[in-house]
Each structure stands twice: as C-alpha cells, then as structure tokens.
Amino acid sequence: MSKNLDQNGGRGDASQILWAGRFEEKPEARAFAFQASIGVDRRLAQDDIRLSRVHAAMLGKQGIIPAGTAAALDSELERIAGELESGSLTIDLSAEDIHSFIEAILTRRLGDQGRMVHAGRSRNDQVVTDFRLYLKRVVPELRAALASAGGALLDQAEKHAASVMPGYTHLQRAQPVTLGHHLTAWCAALERDCQRFASALERLDECPLGSGALAGSGLPLDREEVARSLGFREPALNAMDAVADRDFALELASACAITMTHLSRFCEDVVIWASEEFKFIELAESWSTGSSIMPQKKNPDFAELIRGKAGRTTGNLMTLLTLLKALPYAYDKDLQEDKEALFDSLDTTALCLAMFQGMMTAAAFNVERMKAACIGGFLEATDAAEYLVRRGLPFRRAHETAALLVRDCIAAGQRSLIQRSLEEFKSRSELFEADIYEALSPAACVQARHLPGGPAPEEVLRQVGILRERFREA
Ligand code: ARG
C-alpha cells in the first residue's frame, strides 16, 4: 500500500514542497524521501541563509519586492541563522532540501512576504551558489591543515637534515640520503597540493546566482551587486554553464584524491619503517594499537587507515566523473549527488591530515638504525664511480669498474666497498687513492650531493626554508 504525504503537516509536510502546485496527487512518501537531499545539504544552511539575505536585499533595492519586505526577510533570516546556531530551531529532516526548509520557515513566519524571497532565482542556481560559498569557507581551512602538517614535517626534516639513511628505488637500497631529504620530499608534494586547492578556488570564484534554472531571469536583478556582496570575484558568465558546471567539484575531488594518494604513500613508508625488519621509526604508543590475541603487538593502524581511506577519495572522484559523463545540459537531478561525494572527500582529507600530523609529530626516528642500514647493499657504488669520473674516467667505464668491485665484494662475502684493500681497489683502477675510504662513507656520499635538490644537510635546510615560506604564503 502506498502512503502519500499529507497536505497539512506531519512528516514530509506537503505545504513545504515548493513544486506541489503542479500536482493533483500528493507525492508518495518513500518516493519523496528518495529524492530528498536534506540529509546531505543541511550543512549548507548558513550559506543558504547568507545567500538569501543578499538576494532579498537586492530584490528590495531593485524594487522587485517592497523595501519593507526586504527588511523583514533580512531580519527573519538573521533570526533563523541564530536559532539554527543555538539549536532552538532544528532542521526538519523530512523537508526536501535545505532551500525548501528555510523558505518554508520564512513563509510560515512571514506569510506572503516569505513567499517573495524566491523571485528571480531557482534552486538550480541557489544550490550551486551555496555549494561554492561553502567551499570558499572550507577549502581555505583544508589548505591551512596542509600547511600545518607540512610545517610539522619540516620541523622534523630540519632536525634530521644530517641524519643519514638509505634512499630506496624499487624498495632496494640505492644511495645514502638524509632523513631530512626524505621528509622534505613529502613536504614538496604537500605544498603542491596546497597550490592545487588554491587554484581550484580561483576558478570557482564566480557567482552563479541570477542564472535561474538555466536561462537567467526577466526580472531586473543586479547580478554584479549580488556577486560582490557574497564575496565572489564576478557573476558567472553564462547562465546555462553556471547551473550545469561541476568542474569545481571535480577539481577539488581530484585535489583531495591526489593529497590522499600522497598521504597513502607516506604512510606506506611509515608502515615499512615501523616493521621489525626496518625499525627506522618508533611510533608513539598513543598513536599505535595492539592486538586482541597477540600480546606483543604494536601496530601502525593510523598509517594503515590513512592509506586505506585514500580509496574513498579516489572513489569519490570516480563517482563525480561518472555522474557528469554524458549528462545533458543544463541541470539534471543527478547533480544532487555531487555534494555527498565532495563533502566526504573534503572531510576525509581534513581528518587524515590531522591524524597524519599527530602521528608523525609524536613519532621518534631511530637514526642509529638508519645510519647502520647505509652499510650493506653497496649504496656507495655510485659514489665510487663518480670518484673515478672526477679523475677523468668516462662514466660508462667508471660504472663498470665500480660494478666489478661490487662483484669482487660479493665473491669475498663483503658487504661494503670499503672492505676492499687499496691494492684491491687499484687492481680495478689505478685512479683509486687512499682518500677513497673517506669518500665512500655515508656522510661523505651525502655531503658530496649538495647540488640544488640534493640530500646534503645544508641543501636540505635551504629547501626547508623555501617550503616554509611557501606554506606561510598559503
Ligand atoms: N536539492 C537539489 C540539488 O541538490 C536542489 C536543486 C533542485 N532543482 C531541481 N530542479 N529539482 O541539486
């Protein structure tokens, strides 16, 4: 049996339905609930009220509604905002969406004056303006969270500018680097993320309001004034584009997915470093979890969960791309799905950044272990080759000579080139002198690579300074 909504109050109050006039039949309750979005867009309440206050003021100024009505709408909207803030008014989750809910309250309280607020607008331009206003509020907070996490990592990079550790390619020991170099690499990625969010914000800084459903309005709206009052750079150029476009959601979902992909990679390093085999990092007990069966366990769950949550943000980006693919112009109800996906991406990214920062700030690095791991695996082989290049040997010959030395070591059961005698070095190349031993120490290998971008301590500090500056400007 189908249940239809009652015209006079009760759950899903049909008198609140903005489009009920067209229909003789009342909407079926579960169908109405299916298409409602208030559970998701309720978080746009304050943005929706801000928008309506600016819109009503403009309608009054333009003589589209009486000045007294504009004033009454403004003070009632201000009151509603306060009541929602204090909790004396709660959002009715049986309403269709946040726009209907607020308009219904205005009408209940102000009668026909409330019925004037929607002149010259559609929920299509309203919702996308609310959404942009929300993003203009929230994305800067996310950028601040990025700068904060980046800053905390830079503190550790600075502290460990000279702590040598193995650098890896293919997860095989490659060349000695510094921990500062590794952590600064992460920060460089976070700083680009910060820029990505900023550039998306720049492009979304256009005000759709005044676009109506798709074709603007015949009423003498002042779009410039509305855009300015709402803090947008300018009104959106084309009304149809303004209601159909969700590029800003794609760009931000993409920025979130990229940031989370970065965090997932950092966390993978952390998980590896926390293993008994590596033991490069000691996670704080307060940022670890145990096992219900294995009494000894101390697990890097936070790093794992952040790594796992990257999947959500990738999924949300796919959701949005799929949502938009082949969607006919202009507005379609499909677009209502945009907010849930992007809200989840923004929430997830903000939460994970905070967790990552907390976990990393409380962690300690086992610098002795890292230093010891620079011996074994012949990380100094490239430096041996460069030693020969500095003495005039063509690089390809130098590479071959160092490779033969590595083979000599392996055959002799040695773990490092410095275990060879000078005679053994010389048997491979007369260019080797006694200073080869000093040149191949991990600290010397790292110190030699002080080019811009390199892992040498003073170069790490230079990079840290530049990134700090960029995060400060963010
Ligand atoms: N709740 C809707 C959304 O989020 C508002 C716009 C509804 N417009 C419409 N023509 N049904 O997209």
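Note that this is a predicted model, so its numbers are computed, not measured. Just follow the structure's listing: the first ligand is 1, and inside any ligand the first atom is 1. Residue numbers start at 1 and run along the sequence shown.
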Determine, stepwise, if the pair His181 / Trp186 fulfils ring pair (Phe, Tyr, Trp, His ring centres under 6.0 Å). CA-CA 9 Å; His181 185 63; Trp186 291 358; over 10 Å; no

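Counting protein heavy atoms only, atom 1 (N) of ligand 1 is closest to Gln336 OE1, 2.8 Å. Scanning the protein for heavy atoms near atom 11 (N) of ligand 1, the closest one is Arg123 NH2, 3.7 Å. Tyr331 OH, 3.4 Å is the protein heavy atom nearest to atom 3 (C) of ligand 1.
Centroid-to-centroid, the aromatic rings of Phe356 and Phe266 come within less than 6.0 Å.
By the 4.0 Å N-to-carboxylate-O rule, Lys61 lies close enough to Glu225 to be salt-bridged with it. Comment: Arg30 engages Glu28 in a salt bridge, judged by a side-chain N to carboxylate O separation of less than 4.0 angstrom.
Every N/O-N/O distance between His99 and ligand 1 stays at or above 3.5 Å.
Side-chain contact, Ser88 with Glu83: no donor N or O sits under 3.5 Å from an acceptor N or O.
If you number the atoms of ligand 1 from 1 as listed, the ones under 4.0 Å from a heavy atom of Lys339 come out as 3 (C), 4 (O).
Atoms CZ and CZ, on Arg79 and Arg109 in that order, are 7.0 Å from each other to the nearest 0.5 Å.
Not close to ligand 1: Glu96, with no non-hydrogen atom less than 4.0 angstrom away.
Under 4.0 Å from ligand 1, not a single heavy atom of Gln126 appears.
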